[in-house]
Amino acid sequence: MNAKVPSYSILSGRILQCLILMACLFGGHTYAQKGIGYDIKPFKKEAIFRNDDKIGYNLKFKNNTNEKVRGSIKAKVFNYKGEEVFSEDLFFTMDAKRGYNKDLYLENDKTKPGFYQFLLMVSANDYIDTLSFGYGVDPEKVYSTVNRPADFDQFWDDARRELINIDPKFRVTRRGDQSTREVDVFLVEFQSVEFQTIRGWLSVPKRKGKFSVIYELPDYLQELRPDSLKTDMAVFRLNVRGHGNSKDNTNADFNTFNIINLNDRNKYIYRSVYMDALRGLDFIYRHEYLKLDLRKVIVKGAGQGAVLAAVVSSLDNRPQGCIIERPVYTDMRTLFYMANTQKVIPWPVTNFQTYLRNPRNRLNEEGLFKNWEYFDPVNFASNIRSRVLFGHNQKNTFSPAQAAISLYNQIRIDNRNIYMSLDENGMDKTYYGYEIFWMKKIL
């Protein structure tokens, strides 16, 4: 779904048509078994409804047995607060090898902009199942409850000044053991704030010419390795402190990394991590001689990496594009609220709550929110000037769409695109096809 419909060439239009066709093929929820099969699809292919769209799903059930089947369907819809906003009971009869087809309309006076969980509890003969779906209504009208501190810009100007005053001591070492016949791989090392050594991997095609650059940032505690497969562009993958080969003085686990010095915004781990990512971008722009085309740089990441990509693009307007995929950490107040209303507690609320329960940390919930406002990606978004591709999945319980969409809605530029996947644990195949198309359109 595009926030602003761009103009495409005939060839690009055909590519997009293919992508849309793929979305239609993969966008539904289809299942078949010996007893009852079903094919359930939203009225809109990405389950995003806007303006005067009819909100609902088409329900198709198939009796694969040789007997008549009688059953019931209980449909329920819940908002992000956990409130039931829709309920309806349906009853059906299917003769042998026949089906049941119905359009179920979900809109009522409780429907507001936001993201919803749609449950279907199906019972028929010996068949019992609960099916879960997610959909969104007017996502561009969902706004964050986070406040941007008055000294937000000053806080990050001070952090950047500290970074600038540290000699990066860039070091580039070609690694023959990682290089291939078509790609040179370099180990990159530099100094960041607190004089920490940060490392990453730069992969550059061996053939002549300059190459567009993809700057990739890591998900939470993910180790990024060299990309030796791309032969048409350079890829710089950075491991910020505590990640991969940058663990020299910061080696925490899943439960402790993001709470390091959480009670002091001037010492909090992400102040340094954000600066690591920013210096990584500076490495690219200082090393054009490595056949890097500085007119064509895209910053990207998923999860934590998506947050880092957004922050880097906010603090430095040189990149041409920014890919934000399934961002975490957005709108912390909403995440804490949803922890009390959802069966699955959004991340990283559990880590933060554990920290708050320790009296030695001297931090209460409101104090946490006030500190976090300096790090919430929502508060960086309005400064992004590059083109943006924002991808998220509807049923993401780790980083609920209701909170994540706040980041997208704070981006003020016209050249932004949003894609919402129906997959539960990640993005669907169509998204990655669209991402490639989007990058090539820019580069």
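Everything numeric here is computed off the predicted structure, so don't read it as measured data.
Annotation for I345 and A339: closest pair CG2-CB, 3.7 Å, computed over non-hydrogen atoms. Here the closest non-hydrogen pair linking A277 and L238 is CA-CD2, 4.0 Å. Looking at every heavy atom in both residues, Y57 comes nearest to I40 through CD2-CG2, 3.8 Å. Y38 and L131 get closest at one heavy-atom pair: OH-CD2, 3.2 Å. Between S386 and P319, the closest heavy-atom pair is CB-O, 3.3 Å.
The side-chain hydrogen bond (donor to acceptor under 3.5 Å, both in side chains) test applied to N58 returns N101, D103, not counting sequence neighbours. Checked against salt bridge (charged side-chain N to carboxylate O under 4.0 Å, His left out), K210 has the following partners two or more places apart in sequence or in another chain: E288. Taking Y135 as the reference, F49, Y116 meet the ring pair (Phe, Tyr, Trp, His ring centres under 6.0 Å) condition, with sequence neighbours excluded. In this structure, the salt bridge (charged side-chain N to carboxylate O under 4.0 Å, His left out) partners of D153, at least two apart in sequence or on a different chain, are R148.
Around the CD atom of E182, the shell of radius 6.0 Å holds no more than 12 heavy atoms that belong to other residues, nucleotides or ligands. Taking a 6.0 Å sphere around NZ of K60, one finds it holds 12 or fewer heavy atoms contributed by other residues, nucleotides or ligands. With a 6.0 Å radius and a threshold of 12 heavy atoms from other residues, nucleotides or ligands, R171 has its CZ atom at or below the threshold.
Y80 and Y337 have tilted rings, their planes meeting at an angle from 30° to 60° on a 0 to 90° scale. The aromatic rings of F257 and Y270 sit perpendicular to each other, their planes meeting at more than 60°, with 30° as the lower class boundary. Using bins of under 30°, 30° to 60° and over 60° for the plane-to-plane angle, the ring pair F375/F155 lands in the perpendicular bin. A perpendicular orientation is assigned to the rings of Y220 and Y329, their planes being inclined by more than 60° (bins at 30° and 60°). Ring pair H287/F170 is perpendicular by interplanar angle, where above 60° counts as perpendicular and below 30° as parallel.
Of the charged side-chain nitrogens involved, none lies within less than 4.0 Å of a carboxylate oxygen, so that D184 and R175 do not count as a salt-bridged pair. Taking the charged nitrogens against the carboxylate oxygens, R225 and E223 do have a contact shorter than 4.0 Å, which makes a salt bridge.
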Only pairs under 3.5 Å count here: list side-chain donor-acceptor contacts from residues 289-299, not counting sequence neighbours, and write none if there are none.
| unit_1 | atom_1 | unit_2 | atom_2 | d |
| --- | --- | --- | --- | --- |
| K291 | NZ | P205 | O | 2.9 |
| K291 | NZ | K206 | O | 3.1 |
| K291 | NZ | R207 | O | 2.9 |
| D293 | OD1 | R295 | N | 3.1 |
| D293 | OD1 | R295 | NE | 3.1 |
| D293 | OD2 | R295 | NH2 | 3.1 |
| K296 | NZ | L443 | O | 3.1 |

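D219 and Q304 share no donor-acceptor pair across their side chains, judged by distance under 3.5 Å alone. A donor-acceptor contact closer than 3.5 angstrom is absent between the side chains of Y431 and N393.
Sorted by first and then second residue, the salt bridge (Lys or Arg N to Asp or Glu O under 4.0 Å) pairs involving residues 235-246 (not counting sequence neighbours) are E194-R241, E216-R237, D227-R237, R241-D276.
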Begin with the C-alpha distance, continue with both residues' side-chain angles, and end with the deciding distance and a verdict on ring-ring contact (aromatic ring centres under 6.0 Å, His included) for W438 and Y419.
-> CA-CA 11 Å; W438 186 88; Y419 184 101; over 10 Å; no

